[in-house]
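As structure tokens, the structure follows; a few thoughts come after it.
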Amino acid sequence: LGGVAIGLGFGFLAPAWVGVLLALVGLGIAVASLRLERSRALAAAYVNMGNTYWSKGDYDQTLEYYEKALPLQVAVLGAKHPDIGVSHRNVALVQQQRGDYDASIENVGKALAVYLPAFGERHATVAQCYSDASGAYLAKGQPDRALPLAEKALSIQLSLPERSDRDTAAIYTTLVGLAPGGVLAL
């Protein structure tokens with residue numbers, strides 16, 4: 001606007017117009033910031049509601065709130081932020097509890113698509129995702145698809161300098177379930 005004022009011979013108005021323009025831009029940034037903060041708070045509230053329903057075993061309500069939170073989180077954080085991976089994994093775990101194994105596997109894949117570029121292959125969260133997918137395939141009655149994922153999860157887990165004994169035990173339990181006769185040869 002300042003340039004237009006100068007071009008029209010009203011150069012003396014240019015600083016005022018620039019000031020008005022900067023004020024409007026600042027106001028726009030403030031409004032956008034408030035919207036962003038509102039979206040962040042609303043997403044957190046949805047996740048907390050989902051967590052509450054999870055603790056009560058109400059997986060339908062849990063899924064509803066997690067799915068409401070996800071687009072808000074993406075808008076605030078971007079699709080490649082590791083917290084988006086957490087959200088996809090949480091949705092996958094709820095879907096697995098509900099017996100919707102195909103959707104669970106799909107969301108584990110979405111979580112891995114975020115985690116692998118962010119953390120690399122050798123990370124505890126990546127191992128947990130492979131273990132989650134393995135469990136879903138096992139529950140679907142597809143041990144041939146579950147076994148390589150469980151083995152991959154275990155390989156990653158055992159390579160970590162600080163690994164969770166609980167997570168490692170869970171992977172071994174899955175492998176025992178996959179072994180012929182339930183006996184795992186170590």
Side-chain angles (χ1 to χ4, degrees), residues 43 46-74 77-186:
Y46 284 151
V47 169
N48 288 337
M49 288 298 295
N51 291 344
T52 300
Y53 282 111
W54 174 275
S55 69
K56 294 168 69 173
D58 187 341
Y59 301 121
D60 293 334
Q61 288 293 306
T62 302
L63 185 60
E64 179 182 330
Y65 280 103
Y66 283 175
E67 288 178 336
K68 283 181 179 182
L70 192 54
L72 295 171
Q73 292 171 314
V74 169
L77 301 171
K80 297 299 179 185
H81 192 280
D83 286 353
I84 303 305
V86 171
S87 294
H88 282 300
R89 183 167 180 254
N90 286 344
V91 168
L93 293 173
V94 174
Q95 290 167 325
Q96 191 164 347
Q97 286 293 326
R98 295 175 71 221
D100 192 355
Y101 303 116
D102 290 326
S104 177
I105 292 163
E106 179 182 336
N107 273 292
V108 169
K110 290 177 182 179
L112 281 170
V114 173
Y115 288 145
L116 287 170
F119 301 137
E121 182 78 22
R122 298 283 177 206
H123 192 274
T125 306
V126 172
Q128 290 170 340
C129 283
Y130 286 124
S131 181
D132 295 342
S134 175
Y137 278 118
L138 184 60
K140 275 183 69 165
Q142 296 181 355
D144 54 318
R145 300 205 56 193
L147 182 59
L149 293 169
E151 289 171 338
K152 189 170 198 167
L154 183 63
S155 172
I156 294 168
Q157 191 68 28
L158 292 177
S159 75
L160 300 175
E162 295 181 25
R163 63 180 168 265
S164 162
D165 291 337
R166 184 182 62 106
D167 290 341
T168 305
I171 297 168
Y172 274 121
T173 300
T174 299
L175 285 168
V176 167
L178 291 166
V183 178
L184 184 62
L186 299 176

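Numbering of residues begins at 1 and proceeds along the displayed sequence.
- In plain terms, the two heavy atoms of Gly78 and Ile84 that are nearest each other are O-CG1, 3.2 Å.
- In plain terms, the two heavy atoms of Val114 and Ala79 that are nearest each other are CG2-O, 3.6 Å.
- Between the CD atom of Gln95 and the OG1 atom of Thr62 there is a distance of 11.5 Å, given to the nearest 0.5 Å.
- Using a 4.5 Å cut-off on side-chain heavy atoms (C-beta onward), Leu70 and Glu67 make no contact.
- The two residues Tyr59 and Val94 come nearest to each other via the heavy atoms O-CG1, 3.4 Å.
- Rounding to the nearest 0.5 angstrom, the gap separating the CD atom in Gln97 from the OG atom in Ser104 is 9.5 Å.
- Side-chain N or O atoms of Tyr115 include one that pairs as donor or acceptor with a backbone N or O of Val86 at under 3.5 Å.
- Looking at residues two or more places apart in sequence or on another chain, you find a ring-ring contact (aromatic ring centres under 6.0 Å, His included) between His123 and Phe119.
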Show your reasoning for whether side-chain contact (heavy atoms from CB on, under 4.5 Å) applies to Gln142 and Asp144.
-> CA-CA 5 Å; Gln142 296 181 355; Asp144 54 318; 3.9 Å; yes
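- Residues Ile105 and Gln96 form no side-chain contact, since every pair of their non-hydrogen atoms from C-beta on lies 4.5 Å or further apart.
- For the atom pair Glu121 CD and Leu112 CG, the distance stands at 8.5 Å (nearest 0.5 Å).
- Contact between Val108 and Cys129 at its shortest, heavy atoms only, is CG1-O, 3.3 Å.
- To the nearest 0.5 Å, atoms CG (Asn51) and CG (Asn90) are separated by 7.0 Å.
- Ala127 approaches Ile156 most closely through the heavy-atom pair CB-CG2, 3.7 Å.
- Shown here are the side chain to side chain contact (heavy atoms under 4.5 Å, CB included) partners of Gln61, two or more places apart in sequence or in another chain: Tyr53, Asp58, Glu64, Tyr65.
- One finds the CG atom of Asp83 at 13.5 Å from the CZ atom of Arg89 (value rounded to the nearest 0.5 Å).
- With values rounded to the nearest 0.5 angstrom, Asn107 atom CG is found 11.5 Å from Asp102 atom CG.
- Across Ser134 and Leu149, no two heavy atoms sit closer than the pair CB-CB, 3.8 Å.
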Test side-chain contact (heavy atoms from CB on, under 4.5 Å) applied to Leu138 and Arg145, step by step | CA-CA 8 Å; Leu138 184 60; Arg145 300 205 56 193; over 6 Å; no
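- Between the Ser155 side chain and the Glu151 main chain, no donor and acceptor come within less than 3.5 Å of each other.
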